[in-house]
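For reference, the structure discussed in these notes is given below.
In what follows, chains are A, B, ... by sequence order, proteins preceding strands, each numbered from 1.
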2 protein chains.
Amino acid sequence: MSDLCDFPRLLAGQGVKVTALRLAVLEVLGAAPRALRAQEILEMIRARRRVNKVTVYRILDDFTRRGLLRRLAVEDRASLYELACEHHPPHPHFQCHHCGQVQCLEPAPLERMWAELKGPLGNRADRIDIRVAGVCHKCREMS
Amino acid sequence: MSDLCDFPRLLAGQGVKVTALRLAVLEVLGAAPRALRAQEILEMIRARRRVNKVTVYRILDDFTRRGLLRRLAVEDRASLYELACEHHPPHPHFQCHHCGQVQCLEPAPLERMWAELKGPLGNRADRIDIRVAGVCHKCREMS
DNA sequence: ATTATACTTGCAACTCAGTTGAATCTGCAT
DNA sequence: ATGCAGATTCAACTGAGTTGCAAGTATAAT
Ligand SMILES: [Mn+2]
Ligand SMILES: [Mn+2]
Ligand SMILES: [Zn+2]
Ligand SMILES: [Zn+2]
């Protein structure tokens, strides 16, 4: 998930002011190897500067509504966020029952399934989330 | 989702005492046409008798761990619960962005995909959740 | 019948992730 | 300089779920 995106440009394209905090949120997510909780994003930004959590929540929410980020609903109470730019197309995720860690999977099988699920029942579907759960290799080794 | 299951037998099979409350939880879920929030289950049981929410949460948690129920992580803060008995095999779900309503979809495409996603990266996967999101037909009509 | 034991349910208080509304700050245009 | 809009902050709140422990209830010895 290391990044190729031009964040300032991305924001400008949304007609949104480019601020240090908004950039920080995108940079933290761009540098992360996996989807992050709001809390984690907050802490990573705080390693460099002072921020209020409300601001971060509001930015995450705004970006998600604009389609710059995807919010993943997982088994734990807190959602995860990941970049939704052209370099990070939608893909399934794997969550370990044991450690709770969520990893990103390859998008391949999604494409095939999408066609089948997109139009059922008269709904207009525009998003599909796939979460595969089980026990990850690290946790298997430990036990 | 109306029911064919013998709940007392189901509980007995788990070596779990058959109590009025545990049955009530299963009956409410068995009668529901869709997955329910803990709050909804609580209210439905309260239409008939007195219950403490903690008890219901504990029963839901216990049943989920035993595999009698599935817990669905959705976009809203509260999870949904549905029966996981032989008559209700795992299936994808559709959630409407507008009203938040979650409906159950047919299991068909799941089977095909499962084989592909089950074993990647050395993880032992034992569950796959698919959530399709968009705008449901009711909400489309309204707007 | 009486007591012991295990399990179930209830109560109060708490946690945690987010949310709200109002106040302040900041960059920019007049 | 002054005004304005949008960005950020602060304190207080919400809602879903959790915790520890007390009280109730059923069953199993004695
Ligand atoms: Mn991902
Ligand atoms: Mn379902
Ligand atoms: Zn793990
Ligand atoms: Zn709807």
Quiz prompt | Distance in angstrom units between B:Leu72 CG and D:dG17 P, rounded | solution = 12 Å
Self-check item: Interatomic distance where CZ belongs to B:Arg58 and P belongs to C:dT8 [whole Å]
Solution: 11 Å
Quiz item: To the side chain of A:Thr55, which of C:dT9, D:dT8, D:dG15 is closest?
Solution: D:dT8
Self-check item: Side-chain N or O of B:Tyr57 closer than 4.0 Å to phosphate OP1/OP2 of D:dG17
Solution: yes
Quiz prompt | Test item: A:Glu75 and A:Val102 side chains (from C-beta on) under 4.5 Å apart, heavy atoms | solution = no
Quiz prompt | Spacing of A:Glu40 atom CD relative to C:dA17 atom P, expressed in whole Å | solution = 10 Å
Self-check item: Separation of atom CZ in A:Arg71 from atom C1' in C:dT19, rounded to whole Å
Solution: 12 Å
Quiz prompt | Whole-Å distance separating the CD1 atom of B:Ile59 from the C1' atom of C:dG10 | solution = 12 Å
Quiz item: Are there more than 12 heavy atoms of other residues, nucleotides or ligands under 6.0 Å from atom CZ of A:Arg46?
Solution: yes
Quiz item: For B:Leu83, does its backbone N or O pair with a side-chain atom of B:Arg70 as donor and acceptor, under 3.5 Å?
Solution: yes
Quiz item: Between atom CZ in B:Arg77 and atom P in C:dT15, what is the gap in whole Å?
Solution: 17 Å
Exercise. Between A:Arg37 and B:Val16, name the one whose nearest nucleotide on DNA chain C is closer to the 5' end.
Key: B:Val16
Quiz item: So does B:Thr19 get a side-chain nitrogen or oxygen closer than 4.0 Å to the phosphate oxygens (OP1/OP2) of C:dT9?
Solution: yes
Quiz item: Of all the nucleotides listed (C:dC7, D:dT9, C:dC11), which has the minimum atom distance to the side chain of B:Arg50?
Solution: C:dC11
Quiz item: Counting only side-chain N and O atoms of A:Ser79, is one of them less than 4.0 Å from OP1 or OP2 of C:dG18?
Solution: yes
Quiz item: Over how many whole Å does the gap from B:Asp76 atom CG to C:dT19 atom P extend?
Solution: 11 Å
Quiz item: Are any of A:Asn52's side-chain N or O atoms less than 4.0 Å away from OP1 or OP2 of D:dC10?
Solution: yes
Practice problem: Whole angstrom is fine here: how far is it from CD in B:Gln14 over to C1' in C:dC7? | Solution: 17 Å
Quiz item: Is there a donor N/O on one and an acceptor N/O on the other, under 3.5 Å, for the side chain of B:Lys53 and the base of D:dG17?
Solution: yes
Quiz item: Is it true that atom CZ of A:Arg9 has more than 12 heavy atoms of other residues, nucleotides or ligands lying nearer than 6.0 Å?
Solution: no
Self-check item: Toward the 5' end of DNA chain C, by each residue's nearest nucleotide, B:Val54 or B:Arg22
Solution: B:Arg22
Quiz item: Between A:Arg66 and A:Asp62, is there a side-chain N and carboxylate O pair less than 4.0 Å apart?
Solution: yes
